[in-house]
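None of the values given here were measured: they were computed from a predicted structure. Order of the sequence lines fixes the chain letters, A, B, ..., with proteins taken first and strands second; residue numbering starts at 1 for each chain.
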There are 2 protein chains.
Amino acid sequence: MTPDASAPAGARPRARRGEGDRLRDEIIAAAEALLLETGSEDAVSIRAVADRVGVTAPSIYRHFTDKQHLLFEVCAIHFARFDAVMAAAVADVDADPVAALRALGQAYVRFAVEDPEHYRIMFMGRSELTPEQYADEVFAAGGAFPTLVATLQAGIDAGRFRDDLPPAHDIAVVVWALVHGVASLAVTKPAFPAAPVADRAALACEVFLRGLLRRDDAADSSA
Amino acid sequence: MTPDASAPAGARPRARRGEGDRLRDEIIAAAEALLLETGSEDAVSIRAVADRVGVTAPSIYRHFTDKQHLLFEVCAIHFARFDAVMAAAVADVDADPVAALRALGQAYVRFAVEDPEHYRIMFMGRSELTPEQYADEVFAAGGAFPTLVATLQAGIDAGRFRDDLPPAHDIAVVVWALVHGVASLAVTKPAFPAAPVADRAALACEVFLRGLLRRDDAADSSA
DNA sequence: TGTACATCAGTGAACGCGCGTTCACTGATGTAC
DNA sequence: TGTACATCAGTGAACGCGCGTTCACTGATGTAC
């Protein structure tokens, strides 16, 4: 967009012998910036990334075997950040499983709307493009998802939820669907006439939690 | 895929004077078939569609001003079908708003998983690509969404729901998010270890409805 | 019934583009002697 | 301290591809006389 920004300021000094990783990091950062600025995965081409870094396209291949691996590395950072955000959300309130669920839901939606392009790639992309390490089975087995399952299980163990519910894992899948639905509609349909996304997330969690809780649970008072 | 299907059987007879619309229809049908077979929007190129019909690429432009308009026409059919499916779902049971909501949810998710590629384009695409007629505001104003709002309003008017809920429109947005979440995760994460999608949809609707209903409502008996 | 003509559905060739990727290379950096 | 050499980060040119779109055209269809 800026006319004179075809190359970054000044000539890029070539990396010293053992410092190949410096360019590697710059490439990831450039891909990342491109993704955020353009808001489009398509705009992150090998050439565009190389231009951004101030290097020619082939030198990308010295650091990444191909384009997909580059994109995956970019996402890896955000999957790690996602897991950390979710873990932090429960950590703050893990004394009360119901409060923890509310916190998880809010944090999830916030994560998505703060950085829609990454959310898109992480959770809305075609699954064939997803690398093995982020395959569905792996995602289900480690990180944020088990955190959600455990939180639900804590609620069950504490006797807060109704008796006729399926196992925690099955509820977790649906809770995920709920927050993903709020998040992904916010991302794809930003102009849809509706209340602010945080309010939608809160309402969604509140109603759903009420559906999970025993009839005599007093947790609603915080609504 | 089939090796000898590069051109359709026999030479395509050229349309007669007033029959330009015949090719138009064939083009839409070809684009549609391509979308379903390949499962990828990217595979629907002007050239691929033309090949499929047995015609050269430029002749597409006699019927559609550009590629986007073609894709939109393809979707138009499915938006109409979607509205019809939703209307039919409520029509069957509209005596009971709660049963109608259950039916809407199930029908919504079924619509998505039966035809994931169209669902993807209709509800998961970048909104910049969406033509004016399917812009968010329009979608909110006509068709299935108002049906959902009206059904919720009927529940409110019948005194079935709790008193402290926001207006029907706001609840509708969240209900939509719920079923969209179930549907879109089913589409993008088919391998995620979980119960069958119909069960997930049912659980999602059941828990959410329970969260909406007055505490003394007996509708849960059908769960 | 026969001929000249207008219409217009579809063609063939070409355009310019950006893409991912490859290849043989250059030349600065560091090391061994 | 000085020189020959190996390393290897990054280059420049090119590949083949499929894409959307354009243009001047062809030739069958239908119509007017």
Using Watson-Crick or G-U wobble pairs with both distances under 3.5 Å, give me DNA chain D in dot-bracket, 5' to 3', with [ ] for crossers and | for pairs to another strand. .||||||||||||||||||||||||||||||||

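- Atom CD1 of I60(B) is separated from atom P of dC19(D) by 12 Å (rounded to the nearest Å).
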Could you give the side-chain donor-acceptor pairs of residues 170-184 of chain B under 3.5 Å, partners two or more places apart or in another chain?
{"unit_1": "W176(B)", "atom_1": "NE1", "unit_2": "Y108(B)", "atom_2": "OH", "d": "2.9"}
{"unit_1": "H180(B)", "atom_1": "ND1", "unit_2": "Y119(B)", "atom_2": "OH", "d": "2.6"}
{"unit_1": "H180(B)", "atom_1": "NE2", "unit_2": "S184(A)", "atom_2": "OG", "d": "3.2"}
{"unit_1": "S184(B)", "atom_1": "OG", "unit_2": "H180(A)", "atom_2": "NE2", "d": "3.1"}
{"unit_1": "S184(B)", "atom_1": "OG", "unit_2": "H180(B)", "atom_2": "O", "d": "2.8"}

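- Separating the OH atom of Y61(B) from the P atom of dA9(C) is a distance of 18 Å, rounded to the nearest angstrom.
- Between F82(A) and F123(A), a ring centre-to-centre spacing shorter than 6.0 Å is recorded.
- In terms of position on DNA chain D, the residue among T56(A) and R47(A) whose nearest nucleotide sits closer to the 5' end is T56(A).
- For H78(B), the side-chain hydrogen bond (donor to acceptor under 3.5 Å, both in side chains) partners at least two apart in sequence or on another chain are E32(B), R81(B), H118(B).
- Rounded to an integer number of Å, the gap from H69(A) NE2 to dT21(C) P is 11 Å.
- Residues that satisfy the side-chain contact (heavy atoms from CB on, under 4.5 Å) test with A57(A), not counting sequence neighbours, are I46(A), R47(A), A50(A).
- Summarising the geometry, the separation between NZ on K67(B) and P on dT21(D) is reported as 8 Å, rounded to the nearest angstrom.
- Rounded to an integer number of Å, the gap from CD1 of I46(A) to C1' of dA14(D) is 17 Å.
- Along DNA chain C, the nucleotide nearest P58(B) and the nucleotide nearest A43(A) are compared for position; the residue whose nucleotide lies closer to the 5' end is P58(B).
- Rounded to an integer number of Å, the gap from CZ of F64(A) to C1' of dT22(C) is 19 Å.
- When the nearest nucleotides of DNA chain D are assigned to D42(B) and R62(B) by heavy-atom distance, the more 5′-ward of the two goes with D42(B).
- Among dT22(C), dG10(C), dG10(D), the nucleotide with an atom closest to any side-chain atom of S59(A) is dG10(D).
- Put simply, CD on E26(A) is 8 Å from P on dG10(D), counting in whole angstrom units.
- With sequence neighbours left out, the side-chain contact (heavy atoms from CB on, under 4.5 Å) criterion links A80(B) to no other residue.
- With sequence neighbours excluded, the residues forming a side-chain contact (heavy atoms from CB on, under 4.5 Å) with A48(A) are L34(A), S45(A), listed by chain and number.
- The aromatic rings of H169(B) and F192(A) lie parallel to each other, their planes meeting at an angle below 30°, with 60° marking the opposite boundary.
- Applying the 4.0 Å criterion to OP1 and OP2 of dC19(C), one finds that S45(A) has a side-chain N or O inside that range.
- Atoms CG (L23(B)) and P (dA9(C)) sit 10 Å apart, rounded to a whole Å.
- For H63(B) and dA9(C), the shortest distance from a side-chain N or O to OP1 or OP2 is not below 4.0 Å.
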